[in-house]
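First the structure, in the form of structure tokens, and then the observations on it.
Along the sequence shown, residues are numbered consecutively beginning with 1. Computed from a predicted structure; not experimentally measured.
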Amino acid sequence: MWATPPQPFPLQLRRPPGPPPRLFLTRHRSSRLNRIAASQDPLAALSNLLWGRALPPAQLVLAVRHGWTAAWQLLMRQLAPSDPETGAFTRTPSRFPAVVGTPSSRLHLYVGLPCPWAHRALVVRALLGLEARLPVSVAVPGDDGAWSFTPDSPDGLYGKRKLREVYAVRSGGFEGRASVPMLWDAERREVVCNESIEIIKFLCGLANADGGGLDLWPPELRQDIDRWYGVIYPSVNNGVYRCGFAQSQEAYDAAASELFGALDRLEAHLAGARYLCGDRLTLADVCLFTTLIRFDLVYNTLFRCTRRKLAEYPSLHAYTRDIYQMPKVAETCDMEAIMAGYFKTLFPLNPGGIQPLPPASCDSESLLRPHGREALSSAAGTPLQAAGVS
């Protein structure tokens with residue numbers, strides 16, 4: 001017999017090989033999902049869970065890239081229609097391109113501060129002293145990209161919320177893009193014109209009828225002004241948009257080459273002439289100015305007009321300062337509104353909405369520096385062909 005009974009062998013439980021029990025899996029997954037939900041940045045937590053600190057899987061990168069490209073192309077087709085074969089930006093024609101008949105005396109101007117086309121009308125209105133005769137309402141870009149009104153910037157005529165609602169007041173209604181500038185006949189409740197070059201020519205006639213002193217559209221220079229505009233509009237005014245809204249490399253290359261070729265020609269001409277048509281400021285200068293004042297501020301970066309900055313063109317930059325320093329012109333240049341109107345509104349070009357610091361060349365101190373262009377001799381008799389304008 002045994003003096004002491006033997007001790008039983010301890011019972012040892014071993015988990016069989018294979019996956020853990022479902023309950024354990026459920027709890028583990030629940031814990032991970034709870035950590036993701038509680039994270040201040042759930043997307044970062046989820047990506048860390050899926051692939052750690054490595055780059056996202058190639059398949060995911062490709063899928064997101066193709067998806068974003070398709071969405072970008074869809075947005076760009078609406079924002080900036082392009083030639084389907086070349087990808088070149090094609091501007092939509094104005095619905096009311098000319099002043100027809102004789103409008104009433106009750107006129108109202110609708111503008112947007114970021115827009116260079118509307119800025120033309122504001123500059124001409126200021127230079128010609130038409131503020132009392134021509135009241136203005138300032139629309140701002142809405143979150144949907146449409147021109148809108150706010151309590152701080154209301155519609156002075158009808159109290160509408162959107163500019164398209166003002167267009168719709170006309171007897172025939174309205175379909176299409178509600179653009180600025182827009183000259184409105186308040187008595188007839190009709191659009192007079194929404195083509196900027198025709199609006200500013202009309203304003204010159206309005207001022208001349210009042211016996212104003214400054215003539216920005218003198219009969220003897222109209223042919224020269226039109227010829228300069230034939231260079232400025234396609235290559236510079238619209239040229240920066242052709243760069244920014246190009247939807248193919250070939251379309252961008254062509255637009256950028258034409259833009260900077262035109263700027264080089266303008267720089268050479270303005271090295272010997274104070275203004276485009278000699279010693280007199282004209283509508284051609286106003287049309288060039290509203291693009292130049294935005295060049296380093298917006299177009300150089302956001303629209304990829306990067307070969308040179310305006311500040312690298314000594315004559316063009318001094319010419320811009322010359323016009324900026326004219327009485328009442330600086331008051332029409334709201335740099336903060338211009339930057340916000342591009343960087344915050346053009347979602348397809350700047351999805352993050354991040355607004356960069358303005359360049360030093362665009363602040364008031366720089367723009368108010370002496371320009372020295374009073375010393376330039378008259379170039380009124382210089383043939384336009386010498387400047388490459390035909």
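Contact check for E165 versus D155: no side-chain heavy atoms found under the 4.5 Å cut-off. Here the side chains of P314 and E267 are in contact, with some heavy-atom distance below 4.5 Å. At a threshold of 4.5 Å between non-hydrogen side-chain atoms, the residues C204 and L128 count as touching. Inter-residue side-chain proximity for R308 and L263 is flagged as unmet; no heavy-atom pair is nearer than 4.5 Å. Side-chain contact between F96 and V192 is absent, with no heavy-atom pair separated by less than 4.5 Å. When side chains are defined from C-beta on, H119 does not count as touching S196, because their heavy atoms never get closer than 4.5 Å. With a 4.5 Å cut-off on side-chain heavy atoms, R304 and Y299 do not count as touching. Residues T332 and L113 have side chains not in contact (no heavy-atom distance under 4.5 Å, counting atoms from C-beta outward).
Atom NE2 of H108 and atom CG of D185 lie 12.5 Å apart (nearest 0.5 Å). Considering CG of L302 and CG of N300, their distance stands at 10.5 Å, rounded to 0.5 Å. Taken from NE2 in H317 to CG in L292, the straight-line distance is 9.5 Å, to the nearest 0.5 Å. Note: D285 CG to L276 CG = 4.5 Å, rounded to the nearest 0.5 Å. Taking OG of S137 as the reference point, atom NZ of K160 lies at 13.0 Å (rounded to 0.5 Å). Atom CD in E312 sits 9.5 Å away from atom CG in L310 (nearest 0.5 Å).
Residues P219 and D215 share a closest heavy-atom pair of CD-OD2, 4.1 Å. Minimum heavy-atom separation, V111 to A118: CB-CB, 3.9 Å. Here the shortest heavy-atom pairing between E258 and S235 reads OE2-OG, 2.8 Å. S366 approaches R321 most closely through the heavy-atom pair O-CD, 3.2 Å. Closest heavy-atom contact between L203 and A121: CD1-O, 4.1 Å. Taking each heavy atom of T345 and G341 in turn, the nearest pair found is CB-O, 3.1 Å.
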Evaluate side-chain hydrogen bond (donor to acceptor under 3.5 Å, both in side chains) for D322 paired with Y275, printing each intermediate quantity in order.
CA-CA 10 Å; D322 185 359; Y275 304 115; 3.3 Å; yes
In sequence, state the C-alpha distance, the side-chain angles, and the governing distance for R307 and D264, and then conclude on salt bridge (Lys or Arg N to Asp or Glu O under 4.0 Å).
CA-CA 11 Å; R307 179 178 291 174; D264 289 343; 5.4 Å; no
Full working for side-chain contact (heavy atoms from CB on, under 4.5 Å) between W217 and N208
CA-CA 10 Å; W217 180 231; N208 289 339; 5.9 Å; no
Apply side-chain contact (heavy atoms from CB on, under 4.5 Å) to I197 and C287, showing your working.
CA-CA 8 Å; I197 186 66; C287 292; 3.9 Å; yes
Apply side-chain contact (heavy atoms from CB on, under 4.5 Å) to the pair L266 and V236, showing each step before the final yes or no.
CA-CA 10 Å; L266 288 164; V236 182; 4.1 Å; yes
Test log, rule side-chain contact (heavy atoms from CB on, under 4.5 Å), inputs R294 and V240
CA-CA 10 Å; R294 288 162 172 75; V240 294; over 6 Å; no
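Inspection of the N350 and Y342 side chains reveals no N or O donor paired with an N or O acceptor under 3.5 Å. No hydrogens or angles considered: nothing links the side chains of N194 and Y110 as a donor-acceptor pair under 3.5 Å. Side chains of W147 and Y167: a donor-acceptor N/O pair is absent below 3.5 angstrom, by distance only.
Judged by distance alone, the side chain of R373 and the main-chain N or O of R274 form a donor-acceptor pair under 3.5 Å. Of the possible donor and acceptor atoms, one in the side chain of S148 sits under 3.5 Å from a partner among the backbone N and O of A146. A donor-acceptor pair is defined here as one N or O able to donate and one able to accept, closer than 3.5 Å; no such pair exists between the side chain of T86 and the backbone of A251. Side chain of K328 to backbone of A126: a donor-acceptor contact under 3.5 angstrom is found. Under the 3.5 Å distance criterion, the side-chain polar atoms of R95 are matched with a main-chain donor or acceptor of E175. Judged purely by atom type and a 3.5 angstrom limit, R133 has no side-chain atom pairing as donor or acceptor with the backbone of L107. Side-chain atoms of S257 do not come within 3.5 Å of backbone N or O of D253 as any donor-acceptor pair. For the pair D296 (side chain) and A311 (backbone), a donor-acceptor distance under 3.5 Å is present. Q247 contributes no side-chain N or O that, together with a main-chain N or O of F89, makes up a donor-acceptor pair within less than 3.5 Å.
Both Y324 and M339 are assigned to one and the same hydrophobic cluster, defined by single-linkage of ILVMFWY side chains at heavy-atom distances under 4.5 Å. In the hydrophobic clustering of this structure, M182 does not group with V140; members are Ile, Leu, Val, Met, Phe, Trp, Tyr whose side-chain heavy atoms approach within less than 4.5 Å, directly or through other members. At a threshold of 4.5 Å between side-chain heavy atoms, the hydrophobic network of Ile, Leu, Val, Met, Phe, Trp and Tyr places L281 and L367 in one connected group. Hydrophobic clustering of Ile, Leu, Val, Met, Phe, Trp and Tyr side chains at less than 4.5 Å, counting indirect connections, unites L163 with F174. Hydrophobic cluster membership is shared by F289 and L259, with clusters built from Ile, Leu, Val, Met, Phe, Trp and Tyr side chains linked at under 4.5 angstrom.
For NZ of K309, the number of neighbouring non-hydrogen atoms (other residues, nucleotides, ligands) closer than 6.0 Å is 12 at most. Within a 6.0 Å radius of CG in D143, no more than 12 heavy atoms belonging to other residues, nucleotides or ligands are found. Counting heavy-atom neighbours within 6.0 Å of E365 CD, excluding the residue itself, gives a total of 12 or less.
Look at K201 and D226 and you find a salt bridge, because one of the NZ, NE, NH1 or NH2 atoms lies within 4.0 Å of a carboxylate O, short of that distance. Between R280 and D224 there is no salt bridge, since no side-chain N of the basic residue sits under 4.0 Å from a carboxylate O of the acidic one.
Taking the six-membered ring for Trp and thresholds of 30 and 60 degrees, W228 and H269 have ring planes inclined between 30 and 60 degrees apart. Ring planes of Y241 and F303: perpendicular class, angle over 60° (limits at 30 and 60°).
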